[in-house]
Amino acid sequence: MAKIQTPQAVRGTQDMFGETEERFAHVVATFERVRRLYGFKGLQLPVIEPTAVFSRSLGEATDVVSKEMYTFEDRGGDSITLRPEFTAGIARAYLTNGWQQYAPMKLSVHGPLFRYERPQKGRYRQFHQIDAEIIGAAEPAADVELLVMADQLLKELGIDDGVTLQLNTLGDTPSRDAWRTALVGYFNDHKDVLSEDSLARLEKNPLRILDSKDPKDRPVADAAPVIDDYLSGEAQDFFGAVTAGLDAAGVAWTRNAALVRGLDYYRHTAFEFVTDRLGAQGTVLGGGRYDGLIENLGGPATPAVGWAAGIERLAMLVEAPASIVPDVAVAIEFRDAEPQGQKIVAALRRSGLSVEMLAQGSPKKRYDKAIKTNAKVVMSISDMGVRYSGDKYPDVFSQVNEVLVSIAEELKKR
RNA sequence: GCGACCGUAGCUCAGUUGGUUAGAGCGCUGGUUUGUGGUACCAGAGGUCGGGGGUUCAAGACCCCUCGGUCGCCCCA
């Protein structure tokens with residue numbers, strides 16, 4: 001009989017359990033609580049979308065679209081893609097469901113995303129994000145609300161120190177285009193000193209040269225034309241209103257004129273919450289305004305802002321949540337006592353206590369196992385009767401007591 | 001896509017310049033001890049040394065390929 005080889009997990013995916021899972025769940029639960037404080041509605045979206053949803057909105061030339069998407073043909077011959085990000089799918093849902101009627105909409109989602117990349121710390125092929133968007137709001141107040149919410153979320157997760165908000169503006173479309181043209185001209189004049197990576201970026205994504213890590217690029221990048229010189233009056237006012245709002249709300253930020261976004265659809269506000277505690281993957285939460293996106297998908301001109309944060313990255317930064325211990329652990333130390341144990345355990349659980357019953361293995365070792373569950377109250381059922389202790393938790397102790405008394409009374413009536 | 005390091009029981013690891021039947025701790029199973037006690041002791045199960053090929057009288061150790069992991073580059077959350 002040939003033993004079959006157990007298939008492995010797909011590269012870059014994770015099976016989360018124990019502390020890893022608890023950290024993850026804690027991040028999601030905190031997000032769900034905070035987003036309600038700001039009136040964001042929940043949303044559940046498909047994981048698969050027509051490929052065009054992403055190729056049209058992210059930009060064909062971006063790495064995400066050109067080499068990182070999980071794209072396949074389904075049995076009907078349609079090109080389908082596992083979502084690599086949330087925003088495009090939300091925009092698609094907004095249009096196909098006629099949600100213009102609800103605008104402005106404050107929406108939140110979380111779930112798995114897929115990108116075919118080389119896995120490393122804080123980077124997976126199936127990864128998870130929390131995401132918040134405001135669609136149909138053109139005012140800087142929307143940008144402010146999202147940033148204040150992000151700030152509160154990080155504070156409630158207890159990871160705000162060591163994480164800083166970096167803020168920039170990319171201007172409106174004319175500003176951005178003028179700046180971009182100036183940058184391309186400038187970098188072309190300095191081609192001879194640019195790194196190889198940046199020469200490639202010059203063709204595909206010249207803004208990215210600004211935040212190059214290569215020391216060779218730094219002097220040129222640092223002396224490059226700045227967006228401020230190309231901002232229209234309107235764009236300046238917009239950015240001024242955003243920063244004023246943040247200051248009023250007490251959110252700390254720093255200007256980073258080299259901060260750009262990877263995807264083509266961003267305009268005006270761009271931001272990242274950055275940490276140095278995650279190695280190479282420093283961005284913990286990022287986003288900005290994407291007023292052009294919905295038009296790219298064939299909809300009416302619709303202003304929108306949003307951000308997304310990697311749940312795995314946040315989970316790595318939070319303190320380990322206290323692990324969940326049962327209220328009561330019941331050790332059945334005598335084989336014939338099992339039915340009695342079942343009765344007590346069921347009654348305790350119905351009274352709302354979490355209970356772990358230890359009835360397997362050597363009867364003499366079950367008490368040790370019960371102790372090791374760290375339960376608040378440890379109960380032993382043996383031929384010597386029912387005994388339990390747990391003075392440190394008087395509430396649980398007295399609830400257990402009540403349940404046992406009621407069982408005793410019930411038995412007396414028979 | 002590029003680079004570096006790594007891959008030995010369920011887990012964490014040891015394994016000497018290649019040299020007999022591959023080890024420890026924890027965990028697991030059974031037993032003894034203790035008897036309101038997270039104890040101690042005994043015994044046991046569990047490994048084609050990631051997989052494939054090669055060098056050699058001899059490979060867990062060396063070489064090649066491959067698959068995975070980790071961390072960088074790139075990209076991004």
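Letters A, B, ... are given to chains in the order of the sequence lines, protein chains preceding strands, and every chain is numbered from 1.
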Taking rC65(B) as the reference, what is the distance to rC26(B) when you measure between their P atoms (whole Å, please)? 41 Å
For Phe127(A), answer base if it contacts any base atom (sugar-phosphate contacts may also be present), sugar-phosphate if it contacts only those atoms, and nothing otherwise; contact means non-hydrogen atoms under 4.0 Å. base
In terms of relative ring orientation, are Phe271(A) and Phe273(A) parallel, tilted or perpendicular, with 30° and 60° separating the classes?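 Ring orientation of Phe271(A) relative to Phe273(A): perpendicular.
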For nucleotides rC42(B) and rC5(B), find the distance between their P atoms and express it as a whole number of Å.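 Here rC42(B) and rC5(B) have their P atoms 43 Å from each other.
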Expressed as a whole number of angstroms, how long is the span from Arg125(A):CZ to rC67(B):P?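 In whole Å, rC67(B) P and Arg125(A) CZ are 11 Å from each other.
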Given rC71(B), rG35(B), rG1(B), identify the nucleotide with an atom nearest to the side chain of Arg123(A).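 The listed nucleotide nearest to Arg123(A)'s side chain is rG1(B).
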When you measure from the side chain of Asn97(A) to the backbone N and O of Trp99(A), does any donor-acceptor pair fall under 3.5 Å?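 Absent.
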If you only use heavy atoms from C-beta on, which nucleotide in rC2(B), rC71(B), rC75(B) is closest to the side chain of Lys213(A)? rC75(B)
Using the P atoms only, state how far rA40(B) lies from rG25(B), rounded to an integer number of Å.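 That atom pair is separated by 13 Å.
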P spacing across the pair rG47(B) / rA24(B), given as an integer number of angstrom: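 Comparing P positions in rG47(B) and rA24(B) gives a spacing of 15 Å.
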Applying ring-ring contact (aromatic ring centres under 6.0 Å, His included), can you list everything that pairs with Phe397(A), at least two apart in sequence or on another chain? Tyr388(A)
Which of the following nucleotides, rA77(B), rC74(B), rG35(B), is nearest to the side chain of Asp63(A)? rC74(B)
Send over the distance from Leu207(A) CG to rC75(B) P, rounded to a whole Å. 12 Å
Taking the C1' atom in each of rU21(B) and rG60(B), what is the distance between them to the nearest angstrom? 15 Å
Ignoring hydrogens, what is the shortest heavy-atom contact between Leu45(A) and Arg83(A)? Give both atom names and the distance. O-NH1, 3.4 Å
Starting at the 5' end of RNA chain B and moving along, which residue's nearest nucleotide shows up first, Gly310(A) or Thr13(A)?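 Comparing both residues, the 5'-ward one is Thr13(A).
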Using a heavy-atom cut-off of under 4.0 Å over every strand shown, decide if Lys67(A) touches base, sugar-phosphate, or nothing. nothing
Once pairs are restricted to Watson-Crick or G-U wobble with both distances under 3.5 Å, how does RNA chain B read as a dot-bracket string, [ ] for crossings and | for other-strand pairs? (((((((..((((.....[...)))).(((((.......))))).....(((((..]....))))))))))))....
If you check every side-chain atom of Glu117(A), which of rA77(B), rG37(B), rC71(B) has the closest atom? rA77(B)
Given the C1' atoms of rA59(B) and rG52(B), what is the spacing between them in whole Å? 15 Å
From CG of Asp217(A) over to C1' of rC73(B), roughly how many Å is that when rounded to an integer? 13 Å
Could you give the distance separating rG18(B) and rA58(B) at their P atoms, to the nearest angstrom? 15 Å
For rG10(B) and rU33(B), measure between their C1' atoms and round to the nearest Å. 28 Å
Asn168(A) (side chain) donor-acceptor with Leu259(A) (main chain) under 3.5 angstrom: yes
Using a 3.5 Å distance criterion without hydrogens, assess whether the side chain of Asp172(A) forms a donor-acceptor pair with backbone atoms of His268(A). no
Using whole Å, what does the distance between atom C1' of nucleotide rC74(B) and atom OH of Tyr116(A) come to? 15 Å
Rounding to a whole Å, what distance do you find between Glu196(A):CD and rC75(B):P?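 Going from CD in Glu196(A) over to P in rC75(B) covers 13 Å.
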For atom NZ of Lys121(A) and atom P of rC75(B), their distance in whole Å: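 Distance, rounded to whole Å: 21 Å.
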Any base atoms under 4.0 Å from Arg118(A), or only sugar-phosphate, or nothing? Heavy atoms, all strands.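 Answer is base: heavy atoms of Arg118(A) come under 4.0 Å of a base.
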With respect to the side chain of Arg11(A), which nucleotide from rA77(B), rG68(B), rC73(B) is positioned closest?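 Of all the options, the side chain of Arg11(A) is nearest to rG68(B).
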Please state whether the phosphate of rG72(B), meaning OP1 or OP2, lies under 4.0 angstrom from any side-chain nitrogen or oxygen of Gln120(A). yes
Could you tell me whether Arg201(A) contacts a base, only the sugar-phosphate backbone, or nothing, with contacts defined as non-hydrogen atoms closer than 4.0 Å?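 If one applies the 4.0 Å heavy-atom cut-off, Arg201(A) turns out to touch the sugar-phosphate alone, with no base involved.
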Please give, in whole Å, the distance from rC75(B) C1' to Glu85(A) CD? 14 Å
How many whole angstroms separate atom CD of Glu19(A) from atom C1' of rC11(B)?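 Going from CD in Glu19(A) over to C1' in rC11(B) covers 16 Å.
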Which part of the nucleic acid, if any, lies within contact of Gln14(A), taking any heavy atom under 4.0 Å across all strands shown: a base, the sugar-phosphate backbone alone, or nothing? nothing
Enumerate, atom names and distances included, each donor-acceptor pair closer than 3.5 Å involving a side-chain atom of residues 220-230 of chain A, sequence neighbours excluded.
residue, atom, partner, partner atom, Å
Asp222(A), OD1, Arg218(A), NH2, 2.6
Asp228(A), OD1, Arg255(A), NH2, 2.8
Asp228(A), OD2, Arg255(A), NH1, 3.1

For rA77(B), does either OP1 or OP2 sit under 4.0 Å from a side-chain N or O belonging to Arg261(A)? yes
Under 3.5 Å donor-acceptor, Arg261(A) side chain and Ala270(A) backbone: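 A pair under 3.5 Å: no.
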When we call it a touch if two heavy atoms are under 4.0 Å apart, what does Gly287(A) touch: a base, just sugar-phosphate, or nothing?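 Nothing, no heavy atom under 4.0 Å.
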Whether the side chain of Arg35(A) engages the backbone of Phe40(A) through a donor-acceptor N/O pair (distance < 3.5 Å, no angle test) should be reported. yes
